Amino acid sequence: MVGAGGTHVRSPRRRLRRGLTVAVLLLTLAAVAAGAIYALRGGSSIPGVTHRGPDPRAVVRRFAIAWAAGDYRTMYRQLTVQARRSESYTAFTGSYREAASQATLRSLRFEGGERVQGGVGYAPVALRTRLFGVQKASLALPVVRVGNGYRVAWTEKLTWPGLAAGEHLARRVVQPHSRGAILASDLTVLARGPADAREYPQGAPFSLITGYVDGPATAAQRRARLQQGWSSDRRYGQGGLEQSLDDVLAGAPRLDLVAAGASGRRLLARHHGRRPRDVVTTLDASLQETATSLLAGQFGGIVVLDARNGAVRAAAGIGLDGRQPPGSTFKIVTASAALTSHTATLDTYYEPAHYALLGGFKLRNFHGELCGGTLLDSFAHSCNSVFAPLAIQIGAEGMSSMANLYGFSRPQQIAYPVPESVMPRPALLDTDAGLGVTGIGQGGVTATPLEMASVAQVIASRGVLHPPWLARLPHAQSDQSTPRRVITRTVADEIAEMMRAVVSYGTGTQAQSSIATVNGKTGTAEVGPDTKSDAWFVGYAPAEAPKVVVSVLIVHGGVGGAVAAPLARQMIEAALR
């Protein structure tokens, strides 16, 4: 626009446009300056402004990811030169491993979302520990600008979230000073007192069952207890219930994860301990003394069960853990398989013979006698010449399956270290001789007196197995302690009739009692050439309403009907009285 006198006059619109341009330029410069100042203070770029310098969050992220991966080398590379000069790589890794050990660290997870504020980087992590659960925290990493990047100004407090300067991670242990007692079913004390002054008031009859308490045992035991926080000099249960129930009787120490420094200790996390507990067993002190007395120092075992629920009332000698060929007591299992599969009935007739021919091998009756007749009579007189061929008729699968139902080759959970009784797998029974001898309880079949008592208990309860037990504990509950049907009532009743015949007129007449009708089965197991046989008897009474089951084994004792049966009768009478 040209004004009067030829002078130029600026347009108001042009002046406004130039003013806006200058204002925008000033605002842009101010924003860039603000972003630069924020970055220099350790912050990230502000919204709307591109960050052109190094991002301090990157070093925080690299350090946290490397720690989660256990990559100490990469972690160490993120440190400042000063930090690496003051802490060697070996000492650096040692600090982290020691902290992980104290905290029982299992794994670490970096959860992302790292940030930097005021020169400190924060990395959210979740630390999963064995004793202290999952600890969620934000690891605070001091970061400083070094050249074209950032580094971590490391100190020992960074080995665990929450540590302050001059502190390190430590574990404080508060151990229980007492130990639970072991009691009989009537609360008679079998073991009591602290671990370093344990007493066993009932003495020798219970020594194998209770076990004892002593110093550190196997390396595996020590490792397991040290992981729980026990000191290396603690005393452990050795053998019997003292060992199998050590966790219950000893309890567990309380563990505190603490930050330890010159000014004291700060609690970071706690693993609550468990107080020692008494254990009430199913044992009857009087019956245990009787069983021990009847053994009279002989190598063998006697087991007494409650016929109604499988509770172990007494267990003397190797009754719980000694495995031997069960001999003809195993014919209860063979008869169960035969009757269940309809391979035979009680009236099935077998021509009397001195032996059975098994693939060219002569398996004789124990005394070489002529033996046979009905299945009932063959069971009563324990005819090997009948039961070995019967096992072959049943087949390997049928025999193995029935033995497994009775508890063979299956773990027994009775709060005591009991070995499995063994029935060879079907694949190992691929010859007539091998299968035939299993039918009479030989040839790789082994059983504890406890297992054979359990076999008799199935018949006493009309086909239902009540797994044996010594103490009812919450942590021991499983499907192994649940009653289960093994055979039908009809089959169980037929075998009960067979067991009554054994005691009435068969090989077990010396088990007859004047106070109750006894059903049972003898066993005479050959264990090697020129070696006296093992003597067995299993049975229960009263036959009409069973209350007690007894199993007797005398290793190298001789003939079951002559040696084991009389002991079983005395044990049954003591239990019923």
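Both backbone and side-chain heavy atoms feed into the values below; hydrogens, waters and symmetry mates do not. Remember, it's a predicted structure, so these values are computed and weren't measured experimentally.
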Practice problem: Check whether any side-chain heavy atom of I487 sits under 4.5 Å from a side-chain heavy atom of V458, and report yes or no. | Solution: yes
Quiz prompt | Within the 6.0 Å centroid threshold, strictly below: W160 and Y96 | solution = no
Exercise. Could you tell me whether the side chain of E87 and the main chain of T155 form a donor-acceptor pair under 3.5 Å?
Key: no
Practice problem: Could you tell me whether a side-chain N or O of T104 sits under 3.5 Å from a main-chain N or O of L131, the two making a donor and an acceptor? | Solution: yes
Quiz item: Mind checking whether F408 and F330 have ring centres under 6.0 Å apart?
Solution: yes
Self-check item: Flag for Q457-Y406: side-chain donor and acceptor within less than 3.5 Å
Solution: no
Self-check item: Audit row: Q412, E451, side chain to side chain donor-acceptor pair (under 3.5 Å) steps and yes/no
Solution: CA-CA 9 Å; Q412 289 186 329; E451 172 59 39; 3.1 Å; yes
Quiz item: Do you see a donor-acceptor pair shorter than 3.5 Å between the side chains of Q238 and D214?
Solution: no
Quiz item: Below 4.5 Å, heavy atoms only, C-beta onward: do L79 and R77 meet side chain to side chain?
Solution: no
Practice problem: Without swapping roles, check the side chain of D306 against the backbone of R308 for a donor-acceptor pair under 3.5 Å. | Solution: yes
Quiz item: Between E114 and R57, does at least one N-O distance fall below 4.0 Å, as a salt bridge requires?
Solution: no
Quiz prompt | Whether R198 side chain and V213 backbone form a donor-acceptor pair below 3.5 Å | solution = no
Quiz prompt | Any donor-acceptor N/O pair, T290 side chain to S286 backbone, under 3.5 Å | solution = yes
Practice problem: Could you grab the distance from atom OG1 of T159 to atom CZ of R97, nearest 0.5 Å is fine? | Solution: 13.5 Å
Quiz prompt | L450 side chain near V312 side chain, heavy-atom distance below 4.5 Å | solution = yes
Quiz item: Could you walk me through whether R84 and Q82 pass the side chain to side chain donor-acceptor pair (under 3.5 Å) check?
Solution: CA-CA 5 Å; R84 280 182 283 177; Q82 292 86 345; over 6 Å; no
Quiz item: For the ring pair F92 and W154, is the centre-to-centre distance below 6.0 Å?
Solution: yes
Quiz prompt | Any side-chain heavy-atom pair of L127 and W67 under 4.5 Å | solution = yes
Quiz item: Under a 4.0 Å N-O cut-off, is there an ion pair linking E242 with R235?
Solution: no
Quiz item: R171 side chain to S101 main-chain N or O, any donor-acceptor pair under 3.5 Å?
Solution: yes
Practice problem: Determine, for Y89 and R73, whether the Lys NZ or Arg CZ falls below 6.0 Å from the six-membered ring centre while staying within 45 degrees of the axis. | Solution: yes
Quiz item: Do S551 and I302 come within less than 4.5 Å of each other through their side chains, counting heavy atoms only?
Solution: no
Exercise. Starting at CG of L553, measure out to CZ of R323 and round the result to the nearest 0.5 Å.
Key: 13.5 Å
Self-check item: Student check: side-chain heavy atoms of E289 and T292 closer than 4.5 Å
Solution: no
Quiz item: Under 4.5 Å between any side-chain heavy atoms of L241 and D246, yes or no?
Solution: no
Self-check item: L470 side chain near L320 side chain, heavy-atom distance below 4.5 Å
Solution: yes
Quiz prompt | Donor-acceptor contact present, side-chain T93 to main-chain T90, <3.5 Å | solution = yes
Self-check item: Salt-bridge contact E167-K157 (side-chain N to carboxylate O under 4.0 Å)
Solution: no
Exercise. Please check if the side chain of S400 supplies one atom and the backbone of E397 the other of a donor-acceptor pair under 3.5 Å.
Key: no
Self-check item: From L255 atom CG to R130 atom CZ, the distance as rounded to the nearest 0.5 Å
Solution: 9.0 Å
